[in-house]
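A quick write-up on the structure given underneath.
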Amino acid sequence: MTNAAIEVKGLRKNYGRTPALRGIDLRLEPGTVLGLIGPNGAGKTTTLRILLDLLRPSSGAVRVLGEDPRRGGPALRRRIGYLPGDLRLDGRTTGKRMLSFYRSVSGPVARGREDQLAERLGLDLSRPIGTLSKGNRQKLGLIQAFMHDPDLLILDEPTSGLDPLVQRTFLELVREARHEGAAVLLSSHVLSEIQHVADDVAVLAEGRIIATGDVAALRRGAARRIRAVFGGTDSDAVWDQIWQLPLRETALSDESDGVHLEALYDGDLDPFIKTISWLTTLELDIQEPDLEDAVLQLYSGSHAPAEGEAPLDLATLYGQAGRTEGEAGA
Ligand SMILES: Nc1ncnc2c1ncn2[C@@H]1O[C@H](COP(=O)(O)OP(=O)(O)OP(=O)(O)O)[C@@H](O)[C@H]1O
């Protein structure tokens, strides 16, 4: 039980009379990446700041690397790499100097590690921070979080301001840290980074964890956008074939080149493929599952557990939903 990198039970935080966290349970094992996702104001930053002892909880039990963050002091802090969401850096000093300051706080850094990270992320450490763009400052924030190879990385909106190439390097760094046995807690409302790197997700909304599970389950529950054109038929005949499939936001129209279908598809693909095999398919475009849509459905409350109930298990929710819809549509 105490081997968890993070263990949180019944965590509550009130700002004055306003509850920001309303009883959160979280567990993160070494060598795994947990994505904490949630809309603005859900309580992500509040949770992370409590783990780092930058904020005090109103109640609840918190263990970070087996210790109470309020008592762990500098020794515990050295085992953690933290990237704050609102990174503020002093403008006069160079990146190199700033990192040597962080080194004195976060402990031993392997020789050449900062330079190696700067090279991989494409950052010139000799430039004064004030002259760096937002994305380049974010790179500096990432270097200080990763450079001492911490046992636990706590990253708040880590790819904010980074271009796609650098985002990819960031994901590599997270995977390498996990491979070395580090635990990573990644807060984000950008689902692409979560789906590419997280093992598990916890969905936070209005200060409560409303769902937990692995990313694969979330993907199973995510709708795909489908576009197709069918020839030698009309929209009524197409509808007769497809009406029983788990489609949403369906648009069917008779055009000069055929019947155009555009829809969101929930569930297993196989029933869809079997159904359209009865039609003459001229064009077909099936997009990757849309995680944004799946999570928005969770936020919207159509599935959300009532106050005091356990979070939804994504595997149960989407595993069963996928099979039922698949059978119904076959
Ligand atoms: N210092 C504060 N004083 C009062 N209320 C606060 C304070 N900090 C946060 N809150 C409130 O607590 C709730 C949770 O905020 P928090 O910043 O943890 O959310 P978040 O999930 O990180 O949001 P975002 O994605 O916008 O950063 C919000 O309703 C916010 O308005």
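Read the numbers this way: they start at 1 and go in the same order the structure lists the ligands and their atoms.
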Residues, nucleotides or ligands: over 12 heavy atoms within 6.0 Å of [X] [atom1]:
| X | atom1 | answer |
| --- | --- | --- |
| Phe101 | CZ | no |
| Glu119 | CD | no |
| Arg113 | CZ | yes |

Counting only non-hydrogen atoms of the protein, does one fall under 4.0 Å from atom 6 (C) of ligand 1? yes
Nearest protein heavy atom under 4.0 Å from atom 17 (O) of ligand 1, yes or no: yes
Quick one: look at Ser187 and ligand 1, take heavy-atom pairs under 4.0 Å, and tell me if it's side chain, backbone, both or neither. neither
Name the option, out of Leu48, Leu204, Leu55, Asn40, that contains the heavy atom nearest to atom 24 (P) of ligand 1. Asn40
If I apply the N/O under 3.5 Å rule, does Ala20 come out as touching ligand 1? no
Polar-atom distance check: Thr46 versus ligand 1, any N or O pair below 3.5 Å? yes
In terms of residue, atom name and distance, what is the protein heavy atom nearest to [atom]?
| atom | result |
| --- | --- |
| atom 13 (C) of ligand 1 | Gly41 O, 3.6 Å |
| atom 25 (O) of ligand 1 | Lys44 NZ, 2.8 Å |
| atom 8 (N) of ligand 1 | Tyr15 CZ, 3.3 Å |
| atom 27 (O) of ligand 1 | Thr45 OG1, 3.8 Å |

Indicate yes or no: does Arg71 engage Asp53 in a salt bridge with an N to O separation below 4.0 Å. no
Any Lys/Arg nitrogen of Asp25 or Arg27 sitting under 4.0 Å from an Asp/Glu carboxylate oxygen of the other? no
Distance (rounded to the nearest 0.5 Å) between Tyr15 OH and Leu21 CG: 7.0 Å
Taking only heavy atoms of Pro39 into account, list the atoms of ligand 1 that are under 4.0 Å away from them. 21 (O)
Under a 4.0 angstrom heavy-atom cut-off, which atoms of ligand 1 come close to Ala42? 19 (O), 20 (P), 21 (O)
A side-chain contact here means heavy atoms from C-beta on lying under 4.5 Å apart; do Leu132 and Leu123 qualify? yes
With heavy-atom distances below 4.5 Å as the criterion, would you say the side chains of Trp278 and Phe230 are in contact? no
Would you call Gly43 a ligand 1 contact, heavy-atom distance under 4.0 Å? yes
If you take all heavy atoms of Pro69 and Leu76, which pair is closest and at what distance? CA-CD2, 3.8 Å
